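Here is the structure we will look at.
Note that this is a predicted model, so its numbers are computed, not measured. In what follows, every chain begins at residue 1, and chains take the letters A, B, ... in the order their sequences are listed.
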Amino acid sequence: MLTGFIALYIFMLAAFTGYEIIGRVPSILHTPLMSGSNFVHGIVVVGALFALLNATSVTEQVIGFAGVLLGAGNAAGGYVVTERMLQMFKSSDKK
Amino acid sequence: MNPTLIIDASFLAAAFLFIYGLKRMSSPVTAASGIRVAGLGMLIAVVASFLYVFSVNEAAKPHLMVNAGLGAVALIIGLGWAWTSGKKVEMTAMPQMVALYNGMGGGAAAAIGAVELFRTSAEHALVPLVVTIVGSLIGAISLSGSLIAWAKLDGRVNGVWRFSGLQVMNGTFFFATLALGLYIALVAHGHAPIWMTAAFFILALVFGVLMTMPIGGADMPVVISLYNAFTGLAVGFEGFVLQNPALMIAGMVVGSAGTLLTLLMAKAMNRSVANVIFSNFGASGGEEQGEIKGSMKPVDAGDAGINMRYASKVIIAPGYGLAVAQAQHKLFEFVKLIADQGVEVKFAIHPVAGRMPGHMNVLLAEAGVPYDIIYDMEDINNEFKEADVAIVIGANDTVNPAARTNKSSPIYGMPILNVDQAKQVYVVKRGQGKGYSGVENELFFADNTSMVYGDAQKVMVQMIQAVKSLDGGGH
């Protein structure tokens with residue numbers, strides 16, 4: 001079980017990681033990175049799927065269905081949009 | 001093999017690939033591969049999560065077939081819709097699309113919380129319950145707030161909602177929502193009546209709308225970035241509730257990275273985040289701007305083009321207007337033309353050029369402009385005084401000297417591109433209107449500034465033709 005302090009350790013280290021990754025990024029990449037991190041939290045679809053699979057009433061099924069739908073949209077849309085943006089970055093010597 | 005073990009190992013792999021992918025995305029050289037690395041992580045996690053069917057609760061076993069079917073259908077619809085819409089969207093519309101996808105993620109996190117809270121039959125421990133409530137609140141605010149941000153940037157909702165006492169009302173609303181949530185957790189112990197839980201979610205959604213409506217379009221990028229961080233936090237919290245470390249790590253990494261990005265963006269506009277959310281930007285503008293001396297001097301596009309052909313150094317300051325006119329391809333054609341004649345050409349990008357920081361870089365990259373002739377403001381601002389020509393295309397507030405001098409101006413204090421220090425300034429502009437912030441620009445009246453009126457794309461075509469005919473006939 002990830003209770004109490006273990007969870008806090010995970011949160012703390014993850015927060016530091018995020019801060020360090022973004023800390024020294026040139027502003028040219030801010031938009032793609034916002035989009036890329038937007039894709040990464042699309043992982044929520046996995047949690048929504050778990051909730052839906054464990055649903056026992058119609059209310060839970062409806063909300064779980066909506067959750068998976070929205071989460072899948074977040075993940076797929078975030079990926080496509082970020083990939084399209086990053087595809088365009090090339091330097092002048094590579095042409 | 002034990003399905004739980006496979007799931008856990010897959011989530012560990014996914015968490016690693018997310019962090020490694022984000023790291024690669026933070027440099028322009030490796031960025032394109034970064035998103036594929038992260039995408040692989042997502043694929044592994046989603047496929048593995050179907051193994052959950054072997055470990056559902058006893059109570060849910062009879063519903064398993066239906067639930068799994070619903071899950072597959074929802075996945076296919078969500079994926080199919082987002083994939084096609086993401087492929088279709090114009091590069092200029094990217095910010096609102098990011099807002100939309102982000103809102104969906106927030107909604108998914110809130111949905112996870114809602115499923116937990118509506119399961120009133122189950123026993124809830126106190127800490128997970130409070131975390132569920134907080135995650136749901138943040139997720140729901142992110143959902144409705146992002147939708148408003150999307151609608152505003154997409155031009156579906158116009159105008160700004162402002163009246164005295166709005167902030168007091170918003171504050172009351174927020175604390176009422178929070179109080180109701182805490183009541184559900186601390187007093188009702190998760191066994192609150194359905195109407196009360198539903199009311200909590202409705203209040204949270206309405207608050208997201210109320211919070212976003214008063215914010216003007218120019219500030220939306222900061223708001224979208226903020227909601228991106230919100231969704232990350234909500235996902236992290238719901239991940240704790242579900243005991244899912246992949247959600248916890250991914251959510252919290254995005255939560256902190258998104259918070260930092262938000263601060264960087266706000267700093268680039270010389271404003272604090274609180275200032276963006278609570279101030280009445282633009283409402284106070286338009287009062288005494290001071291007398292502006294001089295007059296606007298029009299010049300022919302062809303003449304301006306020929307002048308640049310014989311310059312030794314030209315710096316281009318593009319703005320959102322360039323992208324709206326779809327002129328970036330023609331601009332790059334012109335740049336190649338004069339660069340072949342030995343003119344040194346550089347692009348100067350203001351941190352908030354476009355509609356998001358870095359948005360202009362994406363738009364230029366789309367036209368094929370190599371990123372090594374594109375410079376950030378702080379790297380190139382000292383070079384303007386050595387430039388023969390600075391050309392401003394579709395930009396306005398980011399080159400307005402009033403930001404340096406005029407304390408009564410609403411953009412006072414924002415760092416600007418020093419285009420006015422170049423020997424000659426050309427401003428390509430459709431008409432004589434004001435910028436996005438509604439402020440008059442004294443640069444246009446300066447002695448060394450000439451105005452090239454016209455649609456940016458047509459202007460670029462005229463410049464190309466003028467330079468071509470010159471070189472064709474001259475030899």
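For B:Val89, the parts sitting under 4.5 Å from any heavy atom of chain A are the backbone and the side chain alike. Both the backbone and the side chain of B:Val46 come within contact range of chain A, judged by heavy atoms closer than 4.5 Å. Contacts between A:Val45 and chain B at a heavy-atom distance below 4.5 Å involve the side chain alone, from C-beta outward. For B:Glu366, the parts lying near chain A are the backbone and the side chain together; criterion is any non-hydrogen pair under 4.5 Å. For B:Met25, the parts sitting under 4.5 Å from any heavy atom of chain A are the backbone and the side chain alike.
Of the inter-residue distances, the one linking B:Thr30 atom OG1 with A:Leu86 atom CG reads 9.5 Å to the nearest 0.5 angstrom. In this structure, A:Ile22 CD1 and B:Leu263 CG are separated by 12.0 Å, a value rounded to the nearest 0.5 Å. To the nearest 0.5 angstrom, B:Met252 atom CE is 13.0 Å from A:His41 atom NE2. Here the CG-CD1 distance, from A:Leu69 to B:Ile76, works out to 11.5 Å after rounding to the nearest 0.5 Å. Rounding to the nearest 0.5 Å places CE of B:Met248 at 4.0 Å from CD1 of A:Ile10.
Residue-environment remark: CZ (B:Phe50) exceeds the threshold of 12 foreign heavy atoms within 6.0 Å.
For the set A:Ala75, A:Ser35, A:Gly18, the count of heavy-atom pairs under 4.5 angstrom toward chain B peaks at A:Gly18. When the candidates B:Ala111, B:Ala109, B:Ala108 are compared by the number of heavy-atom contacts under 4.5 Å with chain A, B:Ala108 comes out ahead. Highest contact tally toward chain B, considering only A:Gly67, A:Ala76, A:Ala14, A:Gly42, is held by A:Ala14 [criterion: heavy-atom pairs under 4.5 Å]. Among the candidates B:Lys23, B:Arg119, B:Met94, the residue making the largest number of heavy-atom pairs closer than 4.5 Å to chain A is B:Arg119. Between chain B and the residues A:Thr59, A:Leu13, A:Val40, A:Thr82, the most heavy-atom pairs under 4.5 angstrom are made by A:Val40. Most heavy-atom pairs under 4.5 Å with chain A, from the set B:Ile249, B:Val73, B:Thr231: that is B:Thr231. Per-residue heavy-atom pair counts under 4.5 Å with chain B were compared for A:Leu49, A:Ile43, A:Ile21, and the maximum is reached by A:Ile43. For the set B:Val66, B:Leu22, B:Ile77, the count of heavy-atom pairs under 4.5 angstrom toward chain A peaks at B:Leu22. Among A:Leu53, A:Leu33, A:Leu52, the residue with the largest count of heavy-atom pairs under 4.5 Å with chain B is A:Leu53. Residue with the most contacts toward chain A among B:Gly41, B:Gly71, B:Gly34: B:Gly71 (heavy-atom pairs, distance under 4.5 Å). Your options are A:Glu20, A:Glu60, A:Arg84, and the one with the most heavy-atom pairs under 4.5 Å with chain B is A:Arg84. Taking chain A as the reference chain and counting heavy-atom pairs below 4.5 Å, the highest number among B:Leu247, B:Leu242, B:Leu364 is found for B:Leu247.
Smallest separation of non-hydrogen atoms from B:Ile35 and A:Tyr79: O-CE1, 3.4 Å. Of all heavy-atom pairs between B:Val98 and A:Val81, the closest is CG2-CG1, 4.2 Å.
Within the structure, the side-chain hydrogen bond (donor to acceptor under 3.5 Å, both in side chains) test picks out the following pairs touching residues 246-264 of chain B (sequence neighbours left out): B:Ser225-B:Thr262.
With hydrogens and angles ignored, the 3.5 Å screen pairs a side-chain donor or acceptor of B:Asn67 with a backbone N or O of A:Ala55. Judged by distance alone, with hydrogens and angles left aside, the side-chain atoms of A:Asn54 form a donor-acceptor pair with the main-chain N or O of B:Asn57 at under 3.5 Å.
A donor-acceptor contact under 3.5 angstrom links the side chains of B:Asn228 and A:Ser37, judged on distance only.
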What's the verdict on side-chain contact (heavy atoms from CB on, under 4.5 Å) for B:Asn244 and A:Phe50, showing C-alpha distance, side-chain angles and the deciding distance?
CA-CA 10 Å; B:Asn244 184 326; A:Phe50 179 80; over 6 Å; no

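Applying the side-chain hydrogen bond (donor to acceptor under 3.5 Å, both in side chains) criterion to A:Tyr19, with sequence neighbours excluded, gives no partner residue.
Between B:Phe240 and A:Phe11, the ring planes lie tilted relative to each other; the angle falls in the 30° to 60° range.
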